[in-house]
Every structure is written in C-alpha cells, then in structure tokens.
Amino acid sequence: MASTKLVKVPTIDFSNHQDLKPNTPLWESKKIQVFEALQEYGCFEAIYDKVPKDIREETFSISKEIFEFPLETKLKNISEKPTHGYMGMIPQLPLYESLCIPDLLNPKSLQSFANIFWPQGNQHFWYVYLCFYFALAEVFKKVEIVLLLSTPFARNLVKSYSNPLLELDEMLKRMISENLGLKNHIDELLNANYILFRFTQYKGSSIASGDENNKAAGLGGHTDGNFLSIISQNEVNGLQINKNGEWIDVNISPNSYVVLSGDSFTAWTNGRLHSPVHRVEMPRGSDRYSIQLFSLSKPGHFIEAPKEMVDEEHPLLFKPFEILGLLGYGATEAGYTTPPSDLFKAYCGV
Ligand SMILES: O=C(O)CCC(=O)C(=O)O
Ligand SMILES: [Fe+2]
C-alpha cells in the first residue's frame with residue numbers, strides 16, 4: 001500500500017456543547033459535518049472539552065498503573081467472549097497489550113475488573129468507577145442514582161468525566177439517524193447499547209534502535225465491528241486510517257477524541273457509512289496509551305438496516321448479524337486470512 005500522506009482527517013468542534021441542542025442551527029450544521037466526515041473518512045477528530053484535563057490525566061495514570069502489574073494478574077482479565085478481556089503476548093504484535101472492562105453499563109463488570117488489580121480497594125480506581133457509574137445511571141435515568149447525584153461529589157464526577165463520552169456517543173447517533181431520516185429508530189439503537197471499555201498500551205520504548213524513521217507495528221489493519229469507537233490517547237500519536245489505499249496519520253490534539261465508525265453502522269445504514277481500515281504504527285522511544293470506548297449492540301441483538309434504508313436503488317447489502325458472532329469470526333482462520341477491508345462483507349454480506 002502507498003505510504004502515509006500528510007492529509008488530515010476532519011476536525012469537528014463540539015466545545016460549545018451547551019448550545020448544541022436538536023433543532024438549532026448549530027446542531028444542524030454539526031450534524032452535517034459529522035455525517036460528511038464519516039461518509040468521506042469514516043472518522044473525525046472531535047474537539048470535546050467536557051472532560052477536565054485532570055480527570056483525563058487521572059484515567060491515563062490508572063492505565064499506566066494496571067499495565068505494570070505482572071502478566072499473571074493481567075491474565076485474570078479473561079472472558080469467554082471474543083475481545084472482551086486481556087489481549088497481548090501476540091508474537092506479531094509484541095508492543096501491544098490491552099485490558100478490557102466488558103459491559104461497562106453493568107456496575108458488576110467494573111467491580112470485577114477493579115478486584116483483579118486492587119482486591120483491597122483502590123481510591124484511584126473507585127473514583128473513576130464512580131464517575132462512570134453515576135454517568136451511566138443518569139443516562140439511563142435510574143431513580144436511585146439520580147438521588148445520589150444530588151450530592152456535590154457525585155455531581156462533580158458526572159460533570160467531569162464519564163458522562164461526556166457517553167453523551168457524545170448518544171449525540172452522534174442522534175445526528176446520524178436524523179441525517180438519514182431515521183429519527184424514529186433512535187430508541188431501538190440506544191436501548192440496545194452495550195459498551196466495551198478498553199485500556200491499551202503500545203510499548204514504543206521497547207523498539208530496538210535502528211533506522212530512526214522506522215516505525216513498528218502497534219496494531220494491524222482492521223475495522224471495528226461496533227457502531228462507534230471514541231478513542232483518547234496520551235500525547236503519543238500513532239493511529240492511521242486507510243483512505244483509498246493510502247495511510248493517513250490521525251494526529252490529534254491533547255483534549256481531542258478520535259471518533260471512528262464501525263461495521264455495525266455500515267450494516268445499519270445499508271452501506272451509506274463505512275468503517276475505515278485503521279492500524280497503529282508506533283514511533284520508536286515513546287510508549288503510547290490509548291483508551292477506547294466502543295459502543296456495540298447487546299449480545300444476542302441482531303443488527304439490520306431499517307426498511308427505510310433498503311429500496312431498488314439500495315438493495316440490502318448485509319444479512320442481520322449479531323456482534324459476538326462478528327467478533328468471533330475475526331478470530332478464526334478465515335478472519336485472519338481475509339483482507340481487513342473485506343472481512344465484514346465476508347462474514348455477513350448478502
Ligand atoms: O489505539 C488506538 O488508537 C486504536 C486502537 C484500535 O483501533 C482498537 O483497539 O480497535
Ligand atoms: Fe480499532
């Protein structure tokens with residue numbers, strides 16, 4: 001494939017979020033920008049200042065801390081579900097390691113993750129845990145949590161960290177649905193929401209010295225199977241997306257997030273959006289930490305394009321599929337040998 005070009009993925013500024021309400025001119029203009037960026041690139045940089053800097057730093061410092069645990073501890077982050085647990089020790093990807101909190105919307109899942117690393121409890125982690133828990137509760141309007149939100153502590157946590165990323169995910173889904181005239185399908189999309197939260201480390205510091213310009217593979221080319229991925233990183237860049245055979249660096253500023261469209265949206269929009277092939281190429285010397293918030297459909301829920309997306313001009317492109325089936329397929333022999341841009345079609349193409 002051709003080499004990296006100095007093309008930039010679009011940047012969309014959501015920093016005046018308090019004015020960003022449906023049916024306002026600002027909403028209408030952002031909604032078009034979002035849709036066009038996802039159509040053209042399958043991703044964009046979101047400038048989003050709702051997560052305070054110190055909270056973000058706190059989260060990255062937890063990330064660093066958990067990767068320093070012995071391998072035997074990290075291996076306790078297991079799951080029978082594909083991509084739902086520890087990934088690492090992959091011979092072709094020696095720099096890559098990741099840990100996953102599956103089903104973030106379920107507080108028990110967060111608790112078992114924390115227990116792996118801090119069986120006695122951890123102030124740090126519980127702080128972030130509570131941020132997520134309270135934020136999710138607000139999103140899902142759980143009465144008992146709403147009561148707890150009245151404490152300044154919880155309110156601050158919600159405002160400062162976790163709520164914003166889930167709000168961003170929801171807002172983007174609303175914008176995309178509106179753009180396609182699928183406003184009446186938004187509830188079914190949001191009700192099936194299931195979140196995977198992944199901490200990732202790329203050990204750039206372990207790349208052997210050699211040609212300074214040489215980069216090493218952090219993560220191979222793939223598409224994400226979910227609806228949206230919201231990625232934050234420490235100050236080390238490395239993510240690239242493939243556009244028409246060329247790799248484009250996705251270099252983002254410190255308070256930005258990368259938003260990527262996944263295969264689930266490709267199917268739901270019957271091909272009007274696409275999921276870009278992306279990879280991580282690591283520079284020598286620096287370790288990269290990234291955090292992914294993946295929004296999926298609940299296991300067992302079948303994803304299919306609403307009937308409005310299918311007509312004579314737009315015949316159905318994908319059979320209904322279930323996310324765990326897709327993720328499992330990626331881990332099979334057929335999945336490994338199919339080029340990443342064809343994998344989704346190979347799995348459920350009509
Ligand atoms: O680390 C990143 O920036 C991207 C990671 C990624 O693409 C993934 O985990 O699916
Ligand atoms: Fe990815």
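Indexing begins at 1, ligand by ligand and atom by atom, following the structure's order. Here the structure is a predicted model, which means the values were calculated and not measured.
- Between E40 and K243 a salt bridge is recorded (basic side-chain N to carboxylate O distance below 4.0 Å).
- Annotation: Y202 places an N or O atom under 3.5 Å from an N or O atom of ligand 1; distance criterion only.
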Step-by-step side chain to side chain contact (heavy atoms under 4.5 Å, CB included) determination, L324 to H84 | CA-CA 10 Å; L324 294 185; H84 279 51; 3.6 Å; yes
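- In this structure, R56 forms no cation-pi arrangement with Y48, as its terminal cationic atom is not both closer than 6.0 Å to the ring centre and no more than 45° off the ring axis.
- Ranked by closest heavy atom to atom 3 (O) of ligand 1, the top entry among Q292, R288, Q240, R279 is R288.
- Contact between T200 and ligand 1 is absent, with no heavy atom of the residue lying under 4.0 Å from the ligand.
- Remark: minimum distance from atom 10 (O) of ligand 1 to any protein heavy atom is reached at H222 NE2, 3.0 Å.
- For S290 and Q292, the side-chain atoms include at least one donor-acceptor pair closer than 3.5 Å.
- Under 4.0 angstrom from ligand 1, there are no non-hydrogen atoms of Y96.
- For H222, the N, O or S atom closest to the Fe ion (ligand 2) goes by the atom name NE2.
- In this structure, a donor-acceptor pair under 3.5 Å is present between the side chains of D287 and S205.
- For an aromatic pair to be called close, the ring centres must be under 6.0 Å apart, and F227 with F265 satisfies this.
- No side-chain N or O of Y257 forms a donor-acceptor pair with one of Q233 less than 3.5 Å apart.
- Taking a cut-off of under 4.0 Å to the non-hydrogen atoms of H278, the atoms of ligand 1 that pass are 7 (O).
- When you scan the N, O or S atoms of D224 for the one nearest the Fe ion (ligand 2), you land on OD1.
- Closest to atom 6 (C) of ligand 1, if we only count protein heavy atoms, is L219 CD2, 3.5 Å.
- Within the 4.0 Å heavy-atom criterion, the part of D224 lying near ligand 1 is the side chain and not the backbone.
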